[in-house]
2 protein chains.
Amino acid sequence: MPRTSDKRERLVDAAVNLFHQRGYGQTSLSDIAEHSGVPLGNVYYYFKTKDDLANAVIDERIHHQQTMFQHCEQANNPQASLFKFLDTLVEYSGDISRYGCPIASLCQELNKDESELANKADILLGQAIKWTTQQFKLMGKSEPSKLSQHLMSTMHGASLLANTFSKPRIIKEEAARMKEWINNL
Amino acid sequence: MPRTSDKRERLVDAAVNLFHQRGYGQTSLSDIAEHSGVPLGNVYYYFKTKDDLANAVIDERIHHQQTMFQHCEQANNPQASLFKFLDTLVEYSGDISRYGCPIASLCQELNKDESELANKADILLGQAIKWTTQQFKLMGKSEPSKLSQHLMSTMHGASLLANTFSKPRIIKEEAARMKEWINNL
DNA sequence: GTCTATATGTTGATAGAC
DNA sequence: GTCTATCAACATATAGAC
């Protein structure tokens, strides 16, 4: 009996991907069990409910996003950090146009329920708003939260359009537009 | 036996609302039957499958949106028409912040399936892109489709943020920003 | 800790009386 | 055209042997 098993990790990994590709409601626990190579009955040893697993999925996304922002902060200045963030979105534009933005998917779907899971998903988007606000603030701009709101609105809408029409190009173009907008602030 | 029954209409009405509030996947046919006062077994006389009903729902949304755009066109000029469109979004900002944009909800959720229903939902968003593009074109702007893309991106992203944080204000603010952007084109 | 078998409920969809 | 009764499949979740 191994003291540590990688089953929990494999379950979360599979759930992260399947929730993104099919949505939370349309992904069954047997789907997740199958994709992670864990028998269905054993899932409940690691997660008492499906919501519990979703919670772990969101935690993983929060951690992943935090790492991404830390990577962006390696740039020379806050404006370059914002540009690096936009470059990252463009980098993922293929996945986003195929399956939609994983964060938006969770926020949109879970906010239809009245579950506590919705609030948890909202933290994800809140984290991104907070980070971009901070970059505008460091740039010395006034009303940084309004600027962040506009940036995130535009890029999230671009993700929706890119997904709907299967055109990653839309994310590229709107990211370029946002860079120019930031330059002219 | 009435030659015409309003049951079909009541079913579509209930489905339009429930799909918006709970999503397509999380709305059961018995929910719809209950809310429209039609026995479950009778639903299948009007719609052979759930997808059939969804098709009728999207048709209804297409028609509703077309009427809305025709209303916007009563303005004096294409720029005023665009402003009227933005005013309409602000008017619905309460509903949108509660349940999300009904069009985005459908596009996002149905594009997770590989169903033909996804293409049908995409027509909805395409209709809006097409109309706004036409307004920019009538204004004599170059690259009108790019302008439409940016306008729709921003407002759809604003809807997501407004829904996530339950802040209709976000739709108001981004609509105002877009008006100013259009003024300075 | 792991897995098989199964309980329990809900879904989309059908059969058939009226 | 309308409605009751019900099926078959699938969902989440549990029991209990190993």
Side-chain angles (χ1 to χ4, degrees), chain A residues 1-58 106 109-110 112-118 120-121, chain B residues 1-58 106 109-110 112-118 120-121:
Chain A
M1 303 310 162
R3 187 169 51 80
T4 62
S5 162
D6 62 340
K7 280 180 180 165
R8 194 195 139 95
E9 194 186 348
R10 293 211 314 271
L11 282 167
V12 174
D13 272 1
V16 162
N17 290 323
L18 288 171
F19 286 174
H20 182 202
Q21 294 163 15
R22 307 182 186 177
Y24 175 71
Q26 296 305 311
T27 302
S28 70
L29 289 172
S30 48
D31 287 334
I32 296 167
E34 192 182 349
H35 275 73
S36 54
V38 174
L40 176 58
N42 201 1
V43 172
Y44 291 90
Y45 175 75
Y46 297 97
F47 301 99
K48 294 201 193 306
T49 66
K50 191 184 178 184
D51 276 17
D52 257 22
L53 177 50
N55 231 288
V57 165
I58 299 173
L106 285 172
E109 182 171 2
L110 296 179
K112 300 260 185 207
D113 304 339
E114 51 209 24
S115 146
E116 305 164 22
L117 226 55
K120 180 98 183 194
Chain B
M1 303 308 163
R3 186 170 52 81
T4 62
S5 163
D6 63 340
K7 280 182 181 163
R8 194 194 140 95
E9 194 185 350
R10 293 212 312 271
L11 282 167
V12 174
D13 272 1
V16 162
N17 290 324
L18 288 171
F19 286 174
H20 182 202
Q21 293 164 14
R22 307 181 187 179
Y24 174 71
Q26 296 305 313
T27 302
S28 71
L29 288 171
S30 49
D31 286 335
I32 296 167
E34 192 183 348
H35 276 73
S36 56
V38 174
L40 177 58
N42 200 2
V43 172
Y44 292 90
Y45 175 77
Y46 296 97
F47 302 99
K48 293 201 193 306
T49 65
K50 191 184 177 184
D51 276 17
D52 259 20
L53 177 52
N55 230 289
V57 165
I58 297 174
L106 285 171
E109 182 171 2
L110 295 179
K112 301 259 183 207
D113 304 340
E114 51 209 22
S115 147
E116 304 163 23
L117 225 57
K120 180 98 183 193

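Quick note on labels: first sequence line is chain A, next is B, and so on, each numbered from 1.
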Fill in the blank from the handout: Here the distance between atom C1' of dG12(C) and atom NZ of Lys50(B), to the nearest Å, is 8 Å
Problem - Side chain of Lys7(A) (C-beta onward), nearest among dC3(C), dG1(D), dG1(C) - result: dC3(C)
Practice task
Given side-chain contact (heavy atoms from CB on, under 4.5 Å), test Arg22(B) with Asp31(B) step by step and report yes or no.
Solution key: CA-CA 11 Å; Arg22(B) 307 181 187 179; Asp31(B) 286 335; 3.0 Å; yes
Exercise for the section: For the residue pair Leu53(A) and Ile32(A), establish whether any side-chain heavy-atom pair is separated by less than 4.5 Å. Expected result: yes
Fill in the blank from the handout: Rounded to whole Å, CG of Leu18(A) lies from P of dA11(D) at a distance of 12 Å
Handout entry: Ser36(A) side-chain N/O to Ala14(A) backbone N/O, donor-acceptor pair under 3.5 Å
Key = no
Exercise for the section: Starting at atom CG of Leu11(B), determine the distance to atom P of dC3(D), rounded to an integer number of angstrom. Expected result: 11 Å
Practice task
Identify whether NZ of Lys or CZ of Arg in Lys112(A) sits under 6.0 Å from the centre of the six-membered ring of Tyr24(A) and within 45° of that ring's axis.
Solution key: no
Exercise for the section: Tell me which of Lys48(A) and Gln26(A) sits closer to the 5' end of DNA chain D, going by the nucleotide each one is nearest to. Expected result: Gln26(A)
Exercise for the section: Take the protein atom CG of Leu29(B) and the nucleotide atom P of dC3(D), then report the distance between them rounded to whole Å. Expected result: 16 Å
Exercise for the section: Could you state the atom-to-atom distance from CG of Asp52(A) to P of dT14(D) in whole Å? Expected result: 11 Å
Completion exercise
Tyr44(A) has its side chain closest, among dG12(C), dT14(D), dC3(D), to dT14(D)
Problem - Spacing between Asn42(A) atom CG and dG16(D) atom P, to the nearest angstrom - result: 18 Å
Exercise for the section: For Leu40(A) and dG16(D), give me the distance from atom CG to atom C1', rounded to whole Å. Expected result: 16 Å
Practice task
Classify the nucleic acid contact of Phe47(A) as base, sugar-phosphate or nothing, counting any heavy atom under 4.0 Å across all strands shown.
Solution key: nothing
Completion exercise
Value for CG (Asp13(A)) from CG (Asp6(A)), rounded to nearest 0.5 Å, stands at 9.5 Å
Practice task
Would you indicate, yes or no, if dG1(D) has its OP1 or OP2 atom less than 4.0 angstrom from a side-chain nitrogen or oxygen of Tyr45(B)?
Solution key: yes
Practice task
Give a yes/no answer on whether the side chain of Ser28(B) brings an N or O atom under 4.0 Å of OP1 or OP2 in dT10(C).
Solution key: no
Exercise for the section: Would you kindly give the CD-to-P distance between Glu34(B) and dT4(D), to the nearest whole Å? Expected result: 14 Å
Fill in the blank from the handout: Among the nucleotides dG1(C), dT2(D), dA11(D), whichever has the atom closest to the side chain of Ser30(A) is dA11(D)
